[in-house]
*Asks:* 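Structure provided below as structure tokens; questions to follow.
Here the structure is a predicted model, which is why all the values come from computation and not from measurement.
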Amino acid sequence: MSTTRIRRLTAVILLLAALALGVVALSACGSGDAAATTDASPSAGPITVSDDTGATVTLDQPAQKVVSIAPADTEIAYAIGGGSKMVGGTTYDDYPEEAKSLAKVGDFSNPSVEKIVSLEPDLVLAAGGIQAGLRSKLEKLGMQVFVVDPTTYDGVMEDITKLGQLMGLDANAAKVVDGMTTAKEKVQARVASLDRPATFIEVYSKPLMTAGKGTFIDDLVTLAGGSNIGAEAGAGFLNFSSEVLVKDDPAIYVAMAGSQSTPGAIAKRPGYSGLAAVKDSKVYVVEDNLIARPGPRLAQGLEQLAAMIHPEASPAP
Amino acid sequence: MTSRARRIGRLGIALAVAIFAACLLLSLALGPVSLSPAKLVGYLTAGPGAGGPGNTIFWDIRLPRVLLAFIVGASLSVAGVILQDLFLNPLTDPYVTGVSSGAALGATFGIVLHLAPLPWMTLLALAGGFATLGAVWVVARRRGRIDIYVLLLAGVTISYFVTAVISVLMIRAGQDMDAIIYWLLGSFNGRSWPEVEVALFALPFLAVPLFFTREMNILLQGEKRALELGVDVERAKRVLLFTAAALTAIAVSVSGVIGFVGLVVPHIVRLMVGPGHQPVLPIALLGGAAMMGIADLLSRTMVAPSELPVGVVTTFVGAPLFVYLLRRRRSGS
């Protein structure tokens, strides 16, 4: 008796659950359907890639209207020839020049969801970190979000390839990736047999901050033939003890331009006069966006870093 | 003052001097790169610029940083004592006058305009602090006297207003936003002799309230009573307020906004020795210095070679200590 009752109850619950699921599925599709049926190309199957968060992004056809809320993603999109498909960006977009005139959806840390929706993109390009919370919001509104959040040079190239697929620009993306691969291989061939001088990357000066493990700045320093002092402090972007800096005595000192320092000012800082990098005039300032932005210009950043760390093995600029 | 209170006061001062000295020694000896006492003596006798990384670390990095932390800690703590007593409000800290927000606004301008930290950012911070004090002062002045309650409310309100301006600047600052956030968090990392030179201007202000202990004790009973007892209330208020504001502005301009020391150290000292200002002021001065010194020591050693923000450490150290003292006192009385 009781077993039949339980069975009946289960059946009812399952039925209700199925019904609820159906309703949810219907309502979720409802908004997307209209757009999808207007110009679905039957020949091309859906494009599916997984992004740096592990989430799967599926598009029925290559994206035609793209909003980027991360300047690195904007650079990639333009580099692979997707500029004409861009319909929106942020106030942080400064490269290439055309990106500056994109419709603005806000700034990097606080883009306006309403503004993004109004542009009706079929693909939104985002970054990780502070933009993580935005993803679910945008997805609930029926948008596909591709997150570019790589931690290595190779990871950036993978993301460029994937974005090429999503935007239907595979061949262009392959060209960009080839260029980056060539740059990397050239640098690596030059520095392979050389010593790895202790290199310090200054992300900010007060407090002294550096890039630790798991950042692509660390990856770039290693690729460029240096040994990143910041890696000993841990992962991510970190405060760093000036005392340990003096003890570790970097041979190369590279400040990011965002740190608002000049080589002359850095050399004059208290405690710095004895550093090997200061004595040998190996204090440099590098443009942030070349080494901190996971985009195609990392190749230039890598070449610049290699020239700073191993000038003896680098071609004259 | 009873003889018992006097004895407690003297004991307290002796204890504070001992703690201060111990903290100073510990702060100088310990760090991510440890310097043995024998080496310390060597560096001290060799003097600065004798060469070698150990000597550089001691003279150019550690010593100025420790001195700065001690001066800032003492300044915030003394400012806290003054303001808590003037406002007769236990929740008061040096930042309620709006001076710190003003200083932060000045520094934010410095960052946005890409001015070098010294002297421009520090000068702007000082100017911002004093400009805010001026504004609060004007609001609170009525017929030649300063209304302490209006001053408190004006300070808090202007502080909110200025903070809102900073937020707008931060949002507009784009990539400089991080720099502003780091400045607001407060830190002694990267500070050295130039900042110490600025902080030295706090020393005379630290001494000022010591000459006003009688007035401060009487003011605790209210302004009316103080007037009846023949205290020149307005003069005492003017001098003390300006002193507290100057201490705060100087501290904030060299280290950013470091919380909790100015709120909690005065309370801890009063819980231990009672409200009389003769012992409270010097003990708070020494105690604030020692607490900031230890907090900075922990901030540079706990996760070495990385560092923790010092404001986080002051709160982690100060909050449990304060709660413990509150509980102990309640069960004791």
*Asks:* Stepwise, does the side-chain contact (heavy atoms from CB on, under 4.5 Å) test hold for B:Ile61 with A:Val246?
*Replies:* CA-CA 9 Å; B:Ile61 299 172; A:Val246 170; 3.3 Å; yes
*Asks:* Do you know which of A:Thr262, A:Thr91, A:Leu208 has the most heavy-atom pairs under 4.5 Å to chain B?
*Replies:*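 Of the options given, most contacts go to A:Leu208.
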*Asks:* Heavy atoms only: give me the nearest B:Glu307-A:Asn239 pair and the separation to one decimal.
*Replies:*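 Closest pair (atom of B:Glu307, atom of A:Asn239, distance): O-ND2, 3.2 Å.
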*Asks:* Please walk me through it: do A:Lys206 and B:Met121 pass side-chain contact (heavy atoms from CB on, under 4.5 Å)?
*Replies:* CA-CA 12 Å; A:Lys206 282 189 181 186; B:Met121 247 173 73; over 6 Å; no
*Asks:* Please say whether more than 12 non-hydrogen atoms of neighbouring residues, nucleotides or ligands are located less than 6.0 Å from CZ in B:Phe109.
*Replies:* no
*Asks:* Look up atom CD in A:Glu243 and atom CZ in B:Arg300, then write down how far apart they are to the nearest 0.5 Å.
*Replies:* 5.5 Å
*Asks:* Are side-chain heavy atoms of A:Pro207 and B:Tyr182 found at a separation under 4.5 Å?
*Replies:*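 Side-chain contact under 4.5 Å: yes.
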*Asks:* Are the side chains of A:Asp107 and B:Ile171 in touch, meaning some heavy atoms are under 4.5 Å apart?
*Replies:*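 A:Asp107 vs B:Ile171: side chains touch.
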*Asks:* Could you measure the distance from the CG atom of B:Asn189 to the CZ atom of A:Phe240? Nearest 0.5 Å is fine.
*Replies:*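 Rounded to the nearest 0.5 Å, the CG-CZ separation comes out at 10.5 Å.
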*Asks:* Just give me the residue among A:Gly271, A:Gly212, A:Ser241, A:Gly234 that pairs up with chain B most often, heavy atom to heavy atom, under 4.5 Å.
*Replies:*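 With the most close heavy-atom pairs to chain B, the winner is A:Ser241.
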*Asks:* For A:Tyr204, which atoms come within 4.5 Å of any heavy atom of chain B: side chain, backbone, both, or neither?
*Replies:*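 For A:Tyr204, the side chain is the part near chain B, not the backbone.
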*Asks:* Report the distance from atom OG of B:Ser192 to atom OH of A:Tyr272, rounding to the nearest 0.5 Å.
*Replies:*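 Interatomic distance, B:Ser192 OG to A:Tyr272 OH, rounded to 0.5 Å: 10.5 Å.
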*Asks:* Taking atom CZ of B:Phe161 as the centre, does the number of heavy atoms from other residues, nucleotides or ligands within less than 6.0 Å exceed 12?
*Replies:*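 Atom CZ in B:Phe161 is not crowded, with 12 or fewer foreign heavy atoms closer than 6.0 Å.
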*Asks:* Taking the side chain as every heavy atom from C-beta outward, state whether A:Asp249 and B:Pro53 have any atom pair closer than 4.5 Å.
*Replies:* no
*Asks:* If you measure from CG on A:Leu245 to OG1 on B:Thr56, what distance do you get to the nearest 0.5 Å?
*Replies:* 11.5 Å
*Asks:* Please check if atom CG in A:Asp195 has more than 12 non-hydrogen atoms from other residues, nucleotides or ligands closer than 6.0 Å.
*Replies:*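 Result for CG/A:Asp195: open.
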*Asks:* What part of B:Ile111 lies closer than 4.5 angstrom to a heavy atom of chain A: side chain, backbone, both or neither?
*Replies:*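 Its backbone and side chain both get close to chain A.
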*Asks:* Let me know if B:Ser187 has heavy atoms under 4.5 Å from chain A in its side chain, its backbone, both or neither.
*Replies:* side chain
*Asks:* What pair of heavy atoms forms the shortest contact from B:Gly190 to A:Ser242, and how long is it?
*Replies:*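 Heavy atoms of B:Gly190 and A:Ser242 come nearest at N-OG, 4.1 Å.
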